[in-house]
Novice: 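Can you read through this structure? Questions will come right after.
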Amino acid sequence: MAEHNFQYGVDHLTSSIALQIAKGQTNGVLSEQSKEIVKRSTSYVEEITNSERTVYGINTGFGPLCTTKISAADTKELQYNILKSHSVGVGNPIDEQIAKLMLILKVHSLAKGFSGIQLSTLERIVWHIDNNAIPVVPEKGSVGASGDLAPLAHLFLPLIGLGEVYYQGKRMETAELFATTGLTSIELGPKEGLALINGTQFIAAHAVTVVDELHNCLQHADIIGAMMIESLLGSAKPFRDELHNIRPFKGNIHVAQNVKSLLKDSKILDSHLNCSRVQDPYSLRCIPQVHGTSRNAWLHLKELVEVELNSVTDNPIVLSAEDTISGGNFHGQPLALPLDYATLAAAELGNISDRRIYLSLEGKIEGLPTLLMNNTGINSGFMLPQYTSAALVSENKSLCFPASADSVPTSLGQEDHVSMGSISGRKALQVIRNLEHILAIELLCAAQAFDFRRPLKSGATLEACHAFVRTRIDHAEQDRIFADDIQKAHSIIQERALTNIFAPLQSEAPSPFKNLFEVY
């Protein structure tokens with residue numbers, strides 16, 4: 001049961017709070033303050049509707065029809081038509097949680113009181129959030145300007161009795177939802193259709209998910225990378241403060257501190273302090289520079305997403321009955337570019353991870369058998385898991401072309417530059433979910449290689465992480481269906497088990513940028 005309340009339109013929203021509301025860990029509520037703000041905005045729209053003035057989106061058509069005056073009698077029908085006509089999405093439905101995030105982000109934006117939405121409409125959307133009646137939203141169809149028109153139209157079809165929802169574990173027509181719950185269609189007022197479909201909530205909901213899932217991958221990349229350093233008898237010198245203080249990128253310093261903490265008190269490190277190796281390959285030595293740069297990209301996205309979550313991305317903006325602004329706050333460019341940057345950051349984590357996997361298989365490091373198995377020939381060892389990581393790395397490279405680099409004019413040229421940010425968001429999640437599997441394969445190989453360092457022990461945290469892996473996945477003495485092991489390792493990453501083990505150590509020896517990189 002959620003213990004905390006978040007006031008839509010009043011409190012400051014972050015990615016983590018949005019996710020807490022989506023998971024039922026925090027209640028999103030419409031406070032009396034936000035209700036009064038919403039009612040005031042509704043009264044402005046009513047006043048404009050009853051006047052002789054022509055105001056875009058309130059008593060005109062939309063897009064290239066912005067000069068077509070709509071009579072007061074037809075204004076309400078227009079709201080229903082816009083939801084139906086803009087519901088042109090195709091492809092598979094997006095994740096239920098992302099659709100729920102869209103609802104949460106939309107309520108927060110509308111509750112700021114610049115959109116003319118009716119309180120009754122807002123309360124119905126909150127009902128959908130609170131009761132997990134989540135609209136079915138196709139993944140494709142938004143160009144990310146004028147807002148995410150198609151996905152938002154699908155998101156709000158259930159308000160007028162159309163479309164589909166997920167409810168109580170079942171996908172159903174909205175008519176069935178109404179029959180089950182006793183709800184009926186709401187009556188949309190002037191401008192409400194436009195207020196519902198204008199906005200960046202599809203892009204932003206994907207961005208919130210990217211912030212969360214990429215952060216998890218970044219944490220695991222540091223832990224698994226440190227385990228590989230131990231397994232491959234790597235040096236701890238590349239993580240010293242003196243090195244990073246003279247090139248002080250925040251992400252680099254944070255990653256170096258993480259790895260240094262993980263290697264603390266390692267007897268494996270002590271065992272080769274005087275070895276003849278001069279330096280390590282880049283995939284070990286440059287972990288702070290590569291992982292750290294991806295951290296910096298994540299930080300950039302996190303900060304911009306937080307701005308977007310607390311913004312109004314509707315159009316037109318209603319300041320008063322006398323003052324409305326038709327602008328471009330719905331344009332997805334502010335998130336499209338950093339999402340493409342985050343996609344590249346995620347792909348690079350996978351790229352360097354695959355190189356460490358390959359290093360562990362070569363048989364060139366003292367004490368490690370070729371392909372991480374003693375009896376090869378009759379056994380292929382860990383040769384084939386690296387094929388999968390190579391395939392995933394290559395697929396991620398093909399997904400790195402920035403969607404935001406493209407624009408195709410729409411709306412008869414009225415919308416002549418668009419962001420394609422919806423594609424940026426979807427691609428980022430594809431790359432991150434491939435990355436999870438690459439890291440799972442590295443974890444599998446790192447744990448196997450770690451076993452060959454016995455009886456020497458690493459630091460307490462890495463030992464605890466390795467021990468946890470071994471509760472799920474046994475050391476491999478001969479070939480088996482490694483897909484099963486990969487799936488188990490992937491589950492460990494998705495469950496965030498290793499980051500939970502690492503968290504206390506981060507608290508004891510935090511980097512100077514801990515709050516920047518660990519709080520979102």
Side-chain angles (χ1 to χ4, degrees), residues 213 216-232 234 262 268 283-284 346 349-365 367-396 430-454 457-458 461-502:
E213 295 186 7
N216 182 45
C217 288
L218 286 160
Q219 293 285 78
H220 276 93
D222 290 353
I223 296 167
I224 299 167
M227 195 178 290
M228 272 296 195
I229 290 168
E230 291 284 68
S231 300
L232 302 179
L262 287 159
I268 299 174
S283 59
L284 300 179
L349 282 180
N351 206 346
I352 195 170
S353 174
D354 175 71
R355 293 300 79 214
R356 291 193 294 264
I357 294 167
Y358 192 90
L359 271 179
S360 73
L361 303 178
E362 285 186 305
K364 295 180 180 179
I365 305 294
L368 288 188
T370 303
L371 302 175
L372 295 177
M373 198 172 282
N374 284 320
N375 190 19
T376 50
I378 188 172
N379 292 297
S380 296
F382 285 75
M383 182 196 307
L384 271 298
Q386 193 267 329
Y387 280 44
T388 301
S389 72
L392 292 170
V393 165
S394 184
E395 182 175 321
N396 279 353
Q430 282 182 270
V431 169
I432 288 167
R433 287 165 184 178
N434 283 341
L435 170 60
E436 288 177 348
H437 283 98
I438 296 166
L439 290 173
I441 294 168
E442 186 184 1
L443 178 59
L444 197 63
C445 293
Q448 179 80 2
F450 207 80
D451 291 334
F452 288 102
R453 296 301 164 207
R454 296 303 183 218
K457 294 208 169 182
S458 182
T461 301
L462 280 184
E463 286 291 334
C465 288
H466 179 263
F468 183 86
V469 173
R470 284 289 169 253
T471 66
R472 303 280 188 90
I473 307 166
D474 294 332
H475 179 86
E477 297 287 353
Q478 58 188 19
D479 285 351
R480 58 197 188 205
I481 301 175
F482 283 115
D484 295 339
D485 291 351
I486 294 169
Q487 187 53 50
K488 290 173 185 175
H490 183 245
S491 295
I492 290 171
I493 289 170
Q494 287 198 313
E495 292 166 15
R496 311 185 182 202
L498 303 189
T499 61
N500 291 334
I501 294 170
F502 183 33

Novice: Would you say Asp474 and Arg480 make side-chain contact, with heavy atoms under 4.5 Å?
Specialist: yes
Novice: Angle class for the His475/Phe452 ring planes (parallel below 30°, perpendicular above 60°, tilted otherwise)?
Specialist: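 His475 vs Phe452 ring planes: perpendicular.
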Novice: Find the distance between CG (Leu262) and OG1 (Thr461) and round it off to the nearest 0.5 Å.
Specialist: 6.0 Å
Novice: For Asn216 versus Ile493, what's the shortest heavy-atom pair and its separation?
Specialist: ND2-O, 2.9 Å
Novice: In Å, rounded to the nearest 0.5 Å, how long is the span from CZ of Phe382 to CG of Asp479?
Specialist: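 Output value for this atom pair is 9.0 Å.
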Novice: Between OG1 of Thr388 and CD1 of Ile441, what distance do you get to the nearest 0.5 Å?
Specialist: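 Spacing of OG1 (Thr388) from CD1 (Ile441) equals 5.0 Å.
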Novice: Please name the pair of heavy atoms, one in Ile438 and one in Ser353, separated by the smallest distance, quoted to 0.1 Å.
Specialist: CG2-OG, 3.6 Å
Novice: Does any non-hydrogen side-chain atom of Leu498 lie less than 4.5 Å from one of His220?
Specialist: yes
Novice: Does some side-chain heavy atom of Leu439 sit less than 4.5 Å from a side-chain heavy atom of Cys217?
Specialist: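 Of all side-chain heavy-atom pairs linking Leu439 with Cys217, at least one is under 4.5 Å.
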Novice: Looking at residues at least two apart in the chain, or sitting in another chain, which of them share a salt bridge (Lys or Arg N to Asp or Glu O under 4.0 Å) with Glu230?
Specialist: none
Novice: Can you pull out every salt bridge (Lys or Arg N to Asp or Glu O under 4.0 Å) where at least one residue sits in residues 374-386? Sequence neighbours excluded, please.
Specialist: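 Residue pairs passing salt bridge (Lys or Arg N to Asp or Glu O under 4.0 Å), neighbours aside: none found.
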Novice: Among all residues two or more places apart in sequence or in another chain, which pass the side-chain hydrogen bond (donor to acceptor under 3.5 Å, both in side chains) test with Glu495?
Specialist: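 Testing Glu495 for side-chain hydrogen bond (donor to acceptor under 3.5 Å, both in side chains), a comparison that skips the adjacent residues, returns Arg472.
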Novice: I want to check something: taking the side chain as every heavy atom from C-beta on, are Met228 and Ser360 in contact at a cut-off of under 4.5 Å?
Specialist: yes
Novice: My understanding is that only residues two or more places apart in sequence, or in another chain, count here; which of them pass ring-ring contact (aromatic ring centres under 6.0 Å, His included) with Phe450?
Specialist: His466
Novice: Please enumerate all residues that pass side chain to side chain contact (heavy atoms under 4.5 Å, CB included) together with Ile378, with sequence neighbours excluded.
Specialist: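 Expected list: Asn375.
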Novice: Report the residues that fulfil salt bridge (Lys or Arg N to Asp or Glu O under 4.0 Å) with Arg496, sequence neighbours left out, ordered by chain and then residue number.
Specialist: Asp212
Novice: Please enumerate all residues that pass side-chain hydrogen bond (donor to acceptor under 3.5 Å, both in side chains) together with Gln494, with sequence neighbours excluded.
Specialist: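 Glu436.
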Novice: Can you list the residues that meet the ring-ring contact (aromatic ring centres under 6.0 Å, His included) rule with Tyr358, with sequence neighbours excluded?
Specialist: none
Novice: Would you please name every residue forming a side chain to side chain contact (heavy atoms under 4.5 Å, CB included) with Thr370, sequence neighbours left out?
Specialist: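 Thr370 satisfies side chain to side chain contact (heavy atoms under 4.5 Å, CB included) with no other residue.
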Novice: So, using side chain to side chain contact (heavy atoms under 4.5 Å, CB included) as the criterion, who are the partners of Ala346 when residues are at least two apart?
Specialist: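 Per chain and number, Ala346 pairs via side chain to side chain contact (heavy atoms under 4.5 Å, CB included) with Leu214, Val431, Ile432, Leu435.
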Novice: Can Arg454 and Glu463 be said to form a salt bridge (charged side-chain N to carboxylate O under 4.0 Å, His left out), step by step?
Specialist: CA-CA 11 Å; Arg454 296 303 183 218; Glu463 286 291 334; 2.8 Å; yes
Novice: How far apart are the closest heavy atoms of Arg453 and Leu368, and which atoms are they?
Specialist: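 Closest approach of Arg453 to Leu368: NH2-CG, 3.4 Å.
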Novice: Between Ala390 and Asp354, which heavy-atom pair has the shortest distance, and what is it?
Specialist: N-OD1, 3.6 Å
Novice: Side chains of Leu443 and Ile473: closer than 4.5 Å at any heavy-atom pair?
Specialist: no
Novice: For Ile486 and Ala440, which heavy atoms make the closest approach, and how far apart are they?
Specialist: O-CB, 3.8 Å
Novice: Arg356 and Ala221: which non-hydrogen atoms are nearest, and at how many Å?
Specialist: NH2-O, 4.1 Å
Novice: From Leu372 CG over to Leu444 CG, what is the distance, rounded to the nearest 0.5 angstrom?
Specialist: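 One gets 9.0 Å once the value is rounded to the nearest 0.5 Å.
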Novice: Are any side-chain N or O atoms of Ser231 and backbone N or O atoms of Ala446, one a donor and one an acceptor, separated by less than 3.5 Å?
Specialist: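 Here the side-chain-to-backbone pair exists.
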Novice: Would the distance check show the side chain of Gln448 and the main-chain N or O of Ala476 forming a donor-acceptor pair, the cut-off being under 3.5 Å?
Specialist: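 Yes, because the side chain of Gln448 sits within donor-acceptor range (under 3.5 Å) of the backbone of Ala476.
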Novice: To the nearest 0.5 Å, tell me how far Ile492 CD1 sits from Phe468 CZ.
Specialist: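 It comes to 5.5 Å.
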Novice: Could you list the residues that satisfy side chain to side chain contact (heavy atoms under 4.5 Å, CB included) with Ala467, not counting sequence neighbours?
Specialist: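 Checked Ala467 against side chain to side chain contact (heavy atoms under 4.5 Å, CB included); zero matches.
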Novice: Of all residues at least two apart in sequence or in a different chain, which pass the salt bridge (Lys or Arg N to Asp or Glu O under 4.0 Å) check with Asp222?
Specialist: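 Arg295.
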Novice: Quick one: are Leu384 and Phe482 in side-chain contact, heavy atoms under 4.5 Å?
Specialist: no
Novice: Could you tell me whether the side chain of Ile365 reaches within less than 4.5 Å of the side chain of Leu359, counting heavy atoms only?
Specialist: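 When only atoms from C-beta onward are counted, Ile365 and Leu359 do not touch, as no gap falls below 4.5 Å.
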Novice: Taking the side chain as everything from C-beta on, heavy atoms only, tell me whether Leu371 gets closer than 4.5 Å to Ser380.
Specialist: no
